[in-house]
Amino acid sequence: MTAFYAFFLTLPGAAAIEPHLPVLQVIVPLLTAPFCVVFRNGRVSWAWATAVSWLVLFTSLVLLGKVLAGGMIIYEIGNWPPPWGIEYRIDAANALVLVIVSAIGAITLPYAYKSVEKEIPESRTYLFYLMYMLCLTGLLGITVTADAFNLFVFLEISSLSSYVMISLGQSRRALTAAYRYLVMGTLGATFYIIGVGLMYMMTGSLNMTDLATLLPAVENTRTVLAAFAFVVVGLGLKLAIFPLHTWLPNAYAFAPSTVTVFLASTATKVAIYALLRLTFTVFGNTQLFATTGVQELLIGLALVAMFAGAFVAIFQNDVKRMLAYSSVSQVGYMVLGIGIGTAAGLSGGIVHLFNHAVMKGTAFMAMGAMLYVIGSVSLKDMAGIGRRMPVTTAAFLVSGLSLIGTPLTVGFISKWQLVQAALVQDWWFIAAGILLSSLLAITYVWRVVEVAYMQPAPADAPRGEAPWQMLVPMLIMAAATIWYGIDGDTTLRIAGEAAKALIGGRP
Amino acid sequence: MSYAVASAAVLVAMILVLTRALKGPTVFDRILAVNAFGTLTVLLIAVVGFLQGRPEFLDLALVYALINFIGTIAVTKFINFQDMGHGSTAESDPGDI
Amino acid sequence: MPAVDPFYLDILTWLFVIPGCVLLIIGCIGMITLPDVFARMHGAGIIDTLGLELILVGLMFQAGSWIVAVKLALILAFVFFTSPTATHALARACLGAGVTPKVDDQQSAALSRRGRS
Amino acid sequence: MMHRKVVLRVVSKFLIPPILLFALYVQWHGDFGPGGGFQAGVIFGSGFILYALLFGVDAVKQVAPPWLTRLLLAIGVLMYGGTGVACLLLGGNYLDYNVLAHDPVHGQHLGILLVEAGVGITVAAAMVTIFNVFAGHSQDGRRGL
Amino acid sequence: MIGPLAHMPPGDLMVLALCLPVIGAFVVLGLGRWENARDAASLITACILFYVVTQLYPHVAAGSRPDIVLIDMVPGLSIRLTLEPLGMIFALIASFLWIITTLYAIGYMRGHHEENQTRFYFFFAIAIASAMGVAMSGNMLTLFVFYEMLSVSTYPLVAHHGTEDAKRSGRVYLGILLSTSIGFLLFGMIWTWTLTGTLDFVAGGIIKAEHAQGPMLGVLLALFAFGISKAALMPFHRWLPAAMVAPTPVSALLHAVAVVKAGVFSVVKVIVYIFGIDILSAEPSTDFLLYFAGFNIIAASVVALRQDNLKRRLAYSTVSQLSYVVIAAAILTPLSLIGAAVHIAAHAFGKITLFFAAGAIMVTSHKTEVSQLNGIGRRMPITMAAFTIGALSMIGLPPTGGFVSKWFILQGASAAENWFAICVVVASTILNMGYFIPIIYAAFFRTEDPPAPGGHGHDDHDDHGHGYGIKHDHGEAAWPMSVAISITATLTITMFFKPQIAVGLAKQMMGF
Amino acid sequence: MVHAFSLACGLAALWWLLSGYTIPLILALGAGSIITVVAIAMRMDVVDHEGHPIHVTFRWLTYMPWLGKEIVMANIDVAKAIIFGGSRIHPIVMRVKATQKTELGHVIYANSITLTPGTVTLAVEDGVMTVHALTRGGADGLKTGEMDRRCTAVEGAPGGES
Amino acid sequence: MTEAFKPIYDLWLQFEAFMAGPGSPGLFGYWIVIALMMIGFYIVITHDNLIKKIVGLNVFQVSVFLFYILMAKVTGGTAPILADGIKQYSNPLPHVLILTAIVVGVATTALGLALVVRIRNAYDSIEDDEILAVEEAEDK
Ligand code: NA
Ligand code: NA
């Protein structure tokens, strides 16, 4: 990463652009998105979005390199000093999330071409890519901003565009899924701004760093307590922590494949990042996390999510939905990392952000490929799919193994880190919970594996692989699932840096 | 003081109108109530603007009146053929208001 | 604005605001108690006409500058044009949806059914 | 010939020009308080929507063809963002208006004016576009919002 | 050190030993359409693998410990191969028995007209690769990875027939193995790592008194002992009888070549290299393992007595025999641990002989129940002779390998004055006799039952059909099976006369 | 064209009322805005005698006070009906003659009816309005035809404009 | 003023202070905010009608706008002085926040209603329980 940053600096004009990268990270997708409306042509929009998304990825890699090389980057929009101006602030934590979001965003688009062509009417594809870019903008914005209210704006940009994208799904149930997500998402966002408003009331500031210094003085007021509660609940809705997850399964199951890939890998992650940032940076200097029971609550909910999500997943016959419930369970792991609250726990949660993005991306990409070829992701239509679509099923298997937490996949790295973080705190039951919930994951993954490999395919069943445009991104993701499972050091180290950035010097 | 009295009256009126909006029973009762609520909001914005010595609120009141009007027209236009929960007759002309 | 003793202006304001408030509340009560949606339109009519007007005129005395008074007048004028139009549109929509007014005699009952023709 | 929506039509025909002018008034006086562009856009767009409600989506498409609204939508966003980028190019931070003119006060004035214009155009165009999309599209013959 | 690989560095040899079966597996997959070529490829790979493993032996015998780090996942956490004497024993057994099992399988699978043979050989090879990985693992994580790989790759073999029944058994098999390994073993591992910062296998153990003391140590040991459910400690033994639906070569793989061996091997490894016998003998709370294993031996033997199905009886015998290894390790004396290591080998040869015999009987005569075996010794003399040798080894009588290992175990127990262990071993010997001698007696000394009326069905494929479709006019098993059985029976006896390789390596393990 | 010019004048007045600034920039923007709006209005085809009825301005101003008085009376009437309820509420639907010649005239009449509480115009047809009345007073007042007459007067001589 | 009316009078004073703006908004404003919030939330949660849910959502959001307006009174009114002595035209913060929240709210409402219309076309119902029943039947 650092080397990448050094390479960037050798490019012509880099010195002039370099200081503005934080804002370019967001405004490039934002300002290029409207062109989709001008083109009003699916293919051109696709090419445009793809080019931009790779540029965005490039930017985020440079930023990560810069952060790892030289620490925090601060950018004041309009040169207005905080608290009046909006400030962008990038440390290891959000630099990593930026890379996750932009990498998934960039790798999903090549995949999207064929998938979208198949699933979304020609006349609406440009709308789809417009929304995709806006969603990307929103997610990146949430990540870079150091302004609590600005975060809300980006949260809503990403949410609104995801509602639209979900509603573009083929089934009519995509509409109800989008609607329910809209209601829950809006409630969540509104809760969040109520919380922000309460903080603003007490401190007169919206800048996160500013808040972090001002809040301890008033931390014992009920207002601040309420603010904390509102923020946690609001973001909890967005990140689908059990029992606020009800919007997620249908939204993921009925959205167009590409949307599911993108959202499953990024949206909840960014919400978790936001929760991390609020909890450990904004409220980090207060004792609220530890003293108000929020910590215990998060741990409890995370454990319930891990089990309930995986348990319900077992009984799903629609594999996309199964994976959606699995996401509920996996989000539990990330929240658990937050709940543990130590540097080790946080890095476990953060590394799982990345790892789950990669593995779930793979799994949903495989689902998209199956939907493309056999027109269904229902278990009953998947008999013998292991032989009908060997590559796709193998990719799915890799991600399934990772969901279980098999060694040499990314899932193992996160679980290892989380269990270890729990054990250091002497929280045996949490460690046991993490491992036992993997057993449920085995069950649902195995249901698919059995149908895919142990059942003979019907003679007239469609077979063959999806187009290479879909296969290549899927295989890259699958390879990443293994690669970062083998080379856990890179991700864990960055996650460790991120955890340090979030909680500062505290253990 | 007169502003405060007026604003209190408007708030009371708003609550009364809201009960109608919630009670219905037909969707048209609700539209009527929401329209009236909008009018009351215009009034409230104006009165509060005076109360707080910020007459620039009047622009906002005017905008609100405009949106209230257009919103009502739009809803009544769409209500007939959208049949939001109430039986429409077969002869109803979608384009007609 | 011509310089007038604020005391008289206040008196004027009170004279307009109080009846306005009373009518406002009465109109709202009407919206609750009147028998059907058509009847309730008359209650809403009170709000839209005298209720609003009296209060806004009352405020005009306190305007303090021409521009504020003009804006109040513009709001008044706007509501004056649009409120009957909106009510009329709503009434048509009711009839279009087959909602007919509850009426007291046979003739008007028959009329009300034909009313939408 | 007597038309049934006569009341609405006559009133609206009378109201539309003042509404549009009011929108522009809010737009150009908006730089004394931020947000003018948005309100102006809403009002301007409302004027068009009122027109569409009365005379149909097709009529509004004749007055403001879809390509035009789309273009305006993009132009608006680009004006907004472009002002920010112009600040970047002139050596300031993003949206740092001070660098837009020699005199920082003029720079701020100009920056806000441009940004608000961008916002106004975007909002108005977006309202018209959204209305056209929802009111103009129909599935199996049913008209939808 | 002879042949083309004589000068290959031992680290590379280990990688080769790991990769060979995988390569072989894919060759098999590629040759799937040509049966003979496929089976030949399987056999050739097995032979090459054995050759490669033998090339490693001189290094280990000479006291060196070949070591290679494959993957560095996280600091202190790597995938690493290290070959020590116990692993050498296991690798030698597994790679050698693969040859024999392949030979046997060729006869069995063809004779039985099994479907999906290519898949069978493919996963068989993968399972062997996993077993090699387990044998050569240099730390607990590596062992865990290959241990899980072994579980998963044997599932298609267990559920080979693809029937609902087979799949259900497969699920029980995989369910128990994976849930215990993830629920307990992985937990214990991460806990250990949290305590010590390493998972390497180190002579004398890595858990020291400053890391864990008192009951905590007992809990940790329990996590490992029950987590490694391939060792079939009750109550997590159910997978083994469940897996009896599989074709016989698979049973051989499970019971002799790889799976259960990987289990007890891991238990011994954990006791010797993770805990170290010193810390365990100092801590009373870890004694439960001894009693558990003792109970297991007796209970499983009693259950075996009551089984009429031959393969089930053998399966419960395995449950009991595995606990010999565990109890031997739990006695915590060097001699008993040597016994444990030797018993891994001895049981492997003995039990594979028994299963081969059972499979041969089933393929040839379609008999599956003990009660059907009257007089079969006269029709299948080679098979039943081999069966007798295997049974003797299970009982622990000379001239078989089983005697050698039991001897070491008893010596270790008496050295530690562990009367419980001694009693258990003696009692179980009697029980073993109780369920093996009647079979031998019936096979050779009873007269054959007359064919049941209407019970003919020559090409009946139902291999667990409990009695119908029995063939009566059969002779000795097909030659590949007979050859395989003869070889393993011979080796069982050889283990008695020439136990040096196993004992020598086992002594090295204990630092003698 | 006449209407366009008068519209521009009207809009300029509105601008002046709203803005009150004499800064050149604002004035220039105002001029530009007015031109833009007139152009759009002409494109929309809303600038005619109906959409911009300058010809009725004076007569309309004389009509206003009377209408105001009617509104006050009607407000009181309906308010009483609401407060005292019972027999005072006597909803009926009736048809009244509309003698206006133009649509603009009809609209003025129809809106005047609706604007006075107690009566709501349900439908506008050639020569007839269908009206919902809440009280006898409201209905009787309408039946006298006074409002109809006055609206026709506001409308003035028909056919003079195109 | 008799003692009996004192609490009512106090309440009125509080109300007046609340409506009058700058200074402490007192508890009154927050009561309204909380009441609106509860009402909106209640509507969203308890109603099956999809449009009513949207209405509830709006009420909920409006409570937040009101909340921010109340806060603007506490902190608003001061114009920040920029580094080189350039005075900004006005403190943008409270207004910008409310406005942004309104934009977001309007967009959400528009999208929600559009979805409702399409749902109605697809399901012939806008009652959540009916739609759920249809969907559950589909699942089987
Ligand atoms: Na997810
Ligand atoms: Na899971």
Side-chain angles (χ1 to χ4, degrees), chain B residues 1-3 5-6 8-10 12-17 19-20 23 25-29 31-33 35-36 39-40 42-43 46-47 49-50 53 55-56 58-59 61-62 64-66 68-73 75-81 83-84 86-89 91-94 96-97, chain C residues 10 13-14 16-18 20-32 36-38 40-41 43-45 47-48 51-52 54-56 58-59 61-65 67-72 74-75 78-79 81-83 85-99 116:
Chain B
M1 181 79 171
S2 56
Y3 306 138
V5 170
V10 173
V12 171
M14 278 175 145
I15 291 166
L16 292 174
V17 164
T19 57
R20 174 50 71 199
K23 259 164 73 178
T26 69
V27 69
F28 301 103
D29 287 285
I31 298 171
L32 184 69
N35 185 25
T39 311
L40 291 170
V42 172
L43 209 44
V47 172
F50 270 80
E56 68 262 26
L58 287 180
D59 283 349
L62 194 50
Y64 205 91
L66 175 66
N68 192 34
F69 172 61
I70 293 176
T72 309
I73 298 297
V75 172
T76 52
K77 181 171 170 73
F78 288 115
I79 205 82
N80 265 8
F81 58 92
D83 180 26
M84 306 273 186
H86 289 272
S88 73
T89 50
E91 35 164 346
S92 70
D93 170 11
D96 181 27
I97 300 183
Chain C
D10 285 354
T13 301
W14 278 109
F16 279 85
V17 166
I18 291 299
C21 290
V22 171
L23 279 172
L24 214 56
I25 303 287
I26 290 174
C28 289
I29 292 170
M31 283 195 63
I32 296 201
D36 73 341
V37 63
F38 291 92
R40 286 173 204 137
M41 285 177 195
I47 303 172
D48 287 349
L52 182 105
L54 288 175
I55 293 177
L56 288 191
L59 292 181
F61 295 116
Q62 306 287 330
S65 74
I67 193 124
V68 172
V70 165
K71 277 182 185 164
L72 283 169
L74 277 175
I75 295 173
F78 188 81
V79 175
F81 281 111
T82 57
S83 110
T85 312
T87 308
H88 174 67
L90 183 62
R92 290 199 60 90
C94 291
L95 293 171
V99 178
R116 63 173 309 275

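Throughout, a chain's letter reflects where its sequence line sits, starting with A, and its residues are numbered from 1.
- Remark: C:F78 CZ to B:L66 CG distance equals 4.5 Å, nearest 0.5 Å.
- Contact between B:R20 and C:M31 at its shortest, heavy atoms only, is NE-O, 2.8 Å.
- Between C:A63 and B:F50, the shortest heavy-atom contact is CA-CE2, 3.8 Å.
- Counting heavy atoms from C-beta on, the side chains of B:Y3 and C:L59 come closer than 4.5 Å.
- Contacts with chain B were tallied for C:A86, C:G51, C:G43, C:A91; C:A86 has the most, counting heavy-atom pairs under 4.5 Å.
- Closest of all the heavy-atom pairs between C:C28 and B:V17 is SG-CG2, 3.5 Å.
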key: Test log, rule side chain to side chain contact (heavy atoms under 4.5 Å, CB included), inputs C:T82 and B:T72   = CA-CA 10 Å; C:T82 57; B:T72 309; over 6 Å; no

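- A distance of 6.0 Å separates CG in C:D48 from CG in B:N35, rounded to the nearest 0.5 Å.
- Using a 4.5 Å cut-off between heavy atoms, C:I55 touches chain B through its side chain atoms alone.
- Within the 4.5 Å cutoff, the side chain of C:L24 has heavy atoms near those of the B:L40 side chain.
- Only the side chain of C:I18 comes within contact range of chain B, judged by heavy atoms closer than 4.5 Å.
- Contact record, C:C21 with B:A6: SG-CA, 3.6 Å, taken as the closest heavy-atom pair.
- With a 4.5 angstrom heavy-atom cutoff, B:A33 touches chain C via backbone and side-chain atoms both.
- When C:T85, C:T87, C:L72, C:D10 are compared by the number of non-hydrogen pairs under 4.5 Å with chain B, C:L72 comes out ahead.
- Here CD1 of C:I32 is found 3.0 Å from OG1 of B:T19. Values are rounded to the nearest 0.5 Å.
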ask   = Between B:I31 and C:V37, is a side chain to side chain contact (heavy atoms under 4.5 Å, CB included) present by the stated rule, with each step listed?
value = CA-CA 10 Å; B:I31 298 171; C:V37 63; over 6 Å; no

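- Neither the backbone nor the side chain of B:I15 comes within less than 4.5 Å of any heavy atom in chain C.
- To the nearest 0.5 Å, atoms CD1 (C:I26) and CG (B:L16) are separated by 12.0 Å.
- Note on B:T39, B:V42, B:D29: by heavy-atom pairs under 4.5 Å with chain C, the leading option is B:D29.
- Proximity to chain B (any heavy atom under 4.5 Å) is shown, for C:V68, by both the backbone and the side chain.
- Counting all heavy atoms, side chain and backbone alike, C:A97 lies closest to B:F28 at CB-CZ, 3.4 Å.
- Here the closest heavy-atom approach between residue B:L32 and residue C:M41 is recorded as CD2-N, 3.7 Å.
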